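A quick write-up on the structure given underneath.
Only a predicted model underlies this, so the values are computations on that prediction, with no experimental measurement involved.
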Amino acid sequence: MINLVLFGPPGAGKGTQSEKIIAKYGFVHLSTGDLFRKHLSEGTELGLLAKKYMNEGNLVPDEVVIKMVGEKIKENPSASGVIFDGFPRTVPQAQALDALLASMGQSISGMVGLEVPEEELKIRIRKRGETSGRADDQEEEKINNRIKVYNEETIPVANFYAAQKKYHPVQGVGEIETIFNAICSAIDSFPN
Ligand code: ADP
């Protein structure tokens with residue numbers, strides 16, 4: 001059982017690389033951004049709650065995210081692996097995930113961090129905004145806020161896993177296939 005945290009700023013390519021990882025390893029994809037967007041489109045209570053945070057590029061409160069992830073993990077008890085994408089995004093979320101996995105006799109196998117310069121991220125997100133229909137991809141101010149939130153609240157999560165010797169940085173600029181190969185090398189080095 002592999003528990004992979006796929007880490008990186010907004011626009012780093014986590015979604016693209018997740019698809020390739022799923023195709024190769026058959027892992028289950030747990031993207032908190034996708035889950036919130038699904039709730040939003042279905043108009044659930046959780047979706048309504050998350051909407052105001054998401055549209056401004058702010059984080060949804062930890063307790064809400066942790067509860068949603070906890071329920072989702074339990075839906076897939078027999079998966080060969082899970083990709084956590086967009087989660088944990090704060091240190092309290094990382095601590096909650098560690099505790100949750102420990103209660104199931106599991107742990108995080110490793111974190112792969114896609115590293116992309118800020119200017120490149122802004123270009124990618126603006127481009128995605130032309131077709132994604134995502135409110136948070138459209139305006140300069142919202143894009144900048146997401147990057148600011150990432151720098152302030154999410155970067156510490158990389159340090160959290162680095163302290164456990166689980167952080168594997170991968171250069172996120174270049175050919176998609178080259179980046180994917182680097183990710184595979186990291187995954188293949190995880191203890192089973
Ligand atoms: P991005 O492309 O910015 O990485 P995601 O699709 O992962 O975006 O998430 C979109 C939005 O959903 C975030 O800006 C945030 O409002 C909310 N969100 C997603 N995951 C989390 C999380 N783990 N904690 C808090 N908020 C989250």
Using the rule given for side-chain contact (heavy atoms from CB on, under 4.5 Å), can you reason through Lys122 versus Glu118, listing the C-alpha separation, both sets of side-chain angles and the distance that settles it, and then say yes or no?
CA-CA 6 Å; Lys122 290 182 186 169; Glu118 237 172 76; 4.3 Å; yes
So which atom in [X] and which in [Y] form the shortest heavy-atom distance, rounded to 0.1 Å?
X: Ser41; Y: Lys38; result: OG-O, 3.0 Å
X: Pro92; Y: Ile66; result: O-CD1, 4.2 Å
X: Gly174; Y: Ile179; result: O-CD1, 3.7 Å
X: Ser109; Y: Met1; result: OG-O, 3.9 Å
X: Leu114; Y: Gly172; result: CD2-CA, 4.4 Å
X: Asn3; Y: Ser107; result: ND2-O, 3.1 Å

At what distance, to the nearest 0.5 angstrom, does [atom1] of [X] lie from [atom2] of [Y]?
X: Met68; Y: Leu35; atom1: CE; atom2: CG; result: 4.5 Å
X: Asp34; Y: Leu30; atom1: CG; atom2: CG; result: 9.5 Å
X: Leu46; Y: Thr44; atom1: CG; atom2: OG1; result: 5.0 Å
X: Lys52; Y: Asn58; atom1: NZ; atom2: CG; result: 11.0 Å
X: Lys74; Y: Leu100; atom1: NZ; atom2: CG; result: 5.0 Å
X: His29; Y: Phe84; atom1: NE2; atom2: CZ; result: 11.0 Å

Is there a donor-acceptor pair under 3.5 Å between the side chain of [X] and the backbone N or O of [Y]?
X: Gln106; Y: Leu101; result: no
X: Gln17; Y: Gly13; result: no
X: Lys24; Y: Cys184; result: no

Please determine whether side-chain contact (heavy atoms from CB on, under 4.5 Å) holds for the pair Glu115 and Val173, giving the CA-CA distance in whole Å, both sets of side-chain angles, and the decisive distance to 0.1 Å.
CA-CA 8 Å; Glu115 301 194 337; Val173 182; over 6 Å; no
Same cluster or not: [X] versus [Y], using hydrophobic residues (I, L, V, M, F, W, Y) connected whenever any side-chain heavy atoms lie under 4.5 Å apart?
X: Leu6; Y: Phe87; answer: no
X: Phe7; Y: Leu97; answer: yes
X: Val170; Y: Ile83; answer: yes
X: Ile22; Y: Tyr25; answer: yes

Would you indicate whether the side-chain heavy atoms of [Y] and [X] approach each other to under 4.5 Å?
X: Arg128; Y: Arg124; result: no
X: Met104; Y: Ile73; result: yes
X: Ile125; Y: Arg146; result: yes
X: Ser80; Y: Phe27; result: yes
X: Ile187; Y: Ile21; result: yes
X: Met111; Y: Val157; result: yes
X: Thr32; Y: Asp85; result: no
X: Ile108; Y: Gln164; result: no

Would you verify whether the NZ or CZ of Lys20 falls within 45 degrees of the ring axis of Phe180 while also being under 6.0 Å from that six-membered ring's centre?
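Pair Lys20/Phe180 counts as cation-pi.
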Got more than 12 heavy atoms from elsewhere within 6.0 Å of [atom1], [X]?
X: Glu120; atom1: CD; value: yes
X: Lys51; atom1: NZ; value: no
X: Glu141; atom1: CD; value: no
X: Ile155; atom1: CD1; value: yes

Is there a donor-acceptor contact under 3.5 Å linking the side chains of Asp136 and Tyr53?
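No, no side-chain donor-acceptor pair sits under 3.5 Å.
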Look at the aromatic rings of His168 and Phe190 and report parallel, tilted or perpendicular, splitting at 30° and 60°.
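His168 vs Phe190 ring planes: tilted.
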side-chain contact (heavy atoms from CB on, under 4.5 Å) between Val82 and Ile2, intermediate numbers included:
CA-CA 6 Å; Val82 177; Ile2 297 285; over 6 Å; no
Given Met54, which partner from the list Leu59, Leu49, Leu40 fulfils the side-chain contact (heavy atoms from CB on, under 4.5 Å) test?
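Going through the options one by one, the only one that passes is Leu40.
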Would Val60 and Phe36 count as a side-chain contact (heavy atoms from CB on, under 4.5 Å) if you check the C-alpha gap in whole Å, the side-chain angles of each, and the deciding distance to 0.1 Å?
CA-CA 9 Å; Val60 177; Phe36 282 130; 3.8 Å; yes
Side chain to side chain donor-acceptor pair (under 3.5 Å) between Tyr150 and Asn145, intermediate numbers included:
CA-CA 8 Å; Tyr150 173 79; Asn145 188 45; over 6 Å; no
Passes side chain to side chain donor-acceptor pair (under 3.5 Å), Asn144 versus Glu139? Steps please.
CA-CA 9 Å; Asn144 287 341; Glu139 282 169 42; over 6 Å; no
